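As the structure is a prediction and not an experimental result, all values here were calculated from the model. Throughout, protein chains are lettered first and strands after them, A, B, ... in sequence-line order, and every chain is numbered starting at 1.
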Number of protein chains: 2
Amino acid sequence: MTSSRPRTAKGARGDLFDPACPTRRLLDRIGTKWTSMAVKVLAEASPHEVRFAELRRRMPGVSQKMLSATLQSLTRDGLVSRRVEPTVPPRVHYRLTDLGLSLEGALATVRAWAEEHMAEIDRANLAHTDG
Amino acid sequence: MTSSRPRTAKGARGDLFDPACPTRRLLDRIGTKWTSMAVKVLAEASPHEVRFAELRRRMPGVSQKMLSATLQSLTRDGLVSRRVEPTVPPRVHYRLTDLGLSLEGALATVRAWAEEHMAEIDRANLAHTDG
DNA sequence: CCGAATCCCATGAGATACTG
DNA sequence: CAGTATCTCATGGGATTCGG
């Protein structure tokens with residue numbers, strides 16, 4: 001989930017581009033398979049919390065392992081807050097933080113572009129396939 | 001570069017889940033390591049064309065293999081146009097299409113968010129590491 | 001100069017089984 | 001219920017080399 005650090009990270013000085021480019025690092029995060037969907041589902045529920053199982057139900061296809069990993073990553077990044085009810089069995093509730101909500105704004109833009117334009121990309125691919 | 005299709009499509013019907021979610025598919029594209037940078041560099045040059053070698057120079061760290069693959073992918077997707085001067089040696093020029101330019105708009109939003117907020121994410125991570 | 005072909009490793013992610 | 005631990009495999013992507 002973490003890095004794709006340049007193993008070739010020699011002593012080179014990178015202006016704005018190189019090692020810690022914020023955009024690359026953000027894309028590494030939202031590019032992982034379930035992250036954007038989790039953010040979306042949590043955003044739709046916001047400001048209410050959502051439990052693990054409920055989240056899982058709303059994300060068809062996700063395994064508990066990947067959901068767990070995704071939520072941990074989001075939590076470490078401060079995008080999601082986690083609240084545990086110390087019952088037996090425990091209940092764990094998740095909610096977007098303000099930072100997470102703000103990210104959802106950016107993601108909404110991406111989603112809008114995708115829904116508007118992916119069909120054109122598909123057409124372009126067909127044109128190259130059969131031509 | 002192409003698909004992240006259900007490789008686990010074992011004996012079971014694995015493609016029952018939204019195999020075509022436009023957002024996922026877009027993220028699979030812009031999430032690859034060099035795509036967003038290529039789009040950015042081409043956008044900055046737009047409406048002028050940029051040659052392969054020049055592109056490579058403006059994308060520190062990219063290998064010719066990955067640049068080639070990235071540009072092919074973008075070209076197939078109709079985001080970039082490719083023009084070959086039939087000289088010896090050949091010169092190949094790349095330019096964003098209108099679709100590519102429109103994608104750059106969405107990417108600009110992501111970039112803006114990243115530059116504004118990645119520091120907060122870093123702080124959150126530190127807080128979890130030591131804090 | 002541009003790109004194809006190989007080789008190779010690190011990683012994302014699914015399946016499955018176990019724990020408090 | 002929520003999360004962890006293994007195993008396994010496919011893929012992204014870097015290095016290098018060859019071709020036109």
> In this structure, how many angstroms lie between the P atom of D/dC1 and the CG atom of A/Leu71, rounded?
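In whole Å, D/dC1 P and A/Leu71 CG are 16 Å from each other.
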> Just checking A/Gln64: base, sugar-phosphate only, or nothing, at a heavy-atom cut-off of under 4.0 Å?
base
> Is there a donor-acceptor contact under 3.5 Å from the side chain of B/Trp113 to the main chain of A/Ser102?
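Side chain of B/Trp113 to backbone of A/Ser102, a donor-acceptor pair under 3.5 Å: yes, one is there.
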> Closer than 4.0 Å, any side-chain N/O of A/Thr87 to the OP1 or OP2 of D/dC1?
no
> Taking CG from A/Leu74 and P from D/dG3, how many angstroms apart are they, rounded to a whole number?
13 Å
> Just to confirm, is there a sub-4.0 Å distance from OP1 or OP2 of C/dG14 to any side-chain nitrogen or oxygen of A/Lys33?
yes
> Let me know, please, whether A/Val84 or B/Ser63 comes out on the 5' side of the other along DNA chain D by nearest nucleotide.
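Whichever sits nearer the 5' end wins; that is A/Val84.
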> What is the distance, to the nearest angstrom, from the CZ atom on A/Phe52 to the P atom on D/dT4?
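To the nearest whole Å, that distance equals 9 Å.
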> Select base, sugar-phosphate, or nothing to describe what A/Arg56 touches, counting heavy atoms under 4.0 Å on all strands.
nothing
> Rounded to the nearest angstrom, tell me the gap between atom CZ in A/Arg91 and atom P in D/dA2.
9 Å
> Is a donor on one side and an acceptor on the other found under 3.5 Å between the side chain of B/Arg24 and the backbone of A/Lys33?
yes
> Can you tell me if B/Ser68 uses its side chain to pair, donor with acceptor, with the backbone of B/Lys65 under 3.5 Å?
no
> What is the distance from CD of A/Gln72 to C1' of C/dG12, rounded to the nearest Å?
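Whole-Å distance recorded here is 15 Å.
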> How many whole angstroms separate atom CG of B/Leu67 from atom C1' of D/dG14?
14 Å
> Can you see if the side chain of B/Arg82 gets near the phosphate of C/dG3 - specifically, an N or O under 4.0 Å from OP1 or OP2?
yes
> In this structure, how many angstroms lie between the C1' atom of C/dG12 and the CG atom of B/Asp28, rounded?
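From B/Asp28 CG to C/dG12 C1': 12 Å.
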> Kindly say whether B/Ala69 contributes a backbone atom to a donor-acceptor pair with the side chain of B/Ser73 at under 3.5 angstrom?
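Pair absent, no side-chain N/O of B/Ser73 close to backbone of B/Ala69.
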> Starting at the 5' end of DNA chain C and moving along, which residue's nearest nucleotide shows up first, A/Gly31 or B/Lys65?
B/Lys65
> Can you tell me if A/Arg51 touches the phosphate of D/dA2, counting only side-chain N or O atoms and a distance under 4.0 Å to OP1 or OP2?
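Result: yes.
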> Between the main-chain N or O of B/Leu42 and the side-chain N or O of B/Ser46, is there a donor-acceptor pair closer than 3.5 Å?
no
> Using atom CE of B/Met59 as one end and atom C1' of D/dG13 as the other, report the distance to the nearest whole Å.
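Taking CE of B/Met59 and C1' of D/dG13, I get 13 Å after rounding.
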> Go through C/dG3, C/dG20, D/dG13 for me and flag the one nearest to the B/Ser68 side chain.
C/dG3
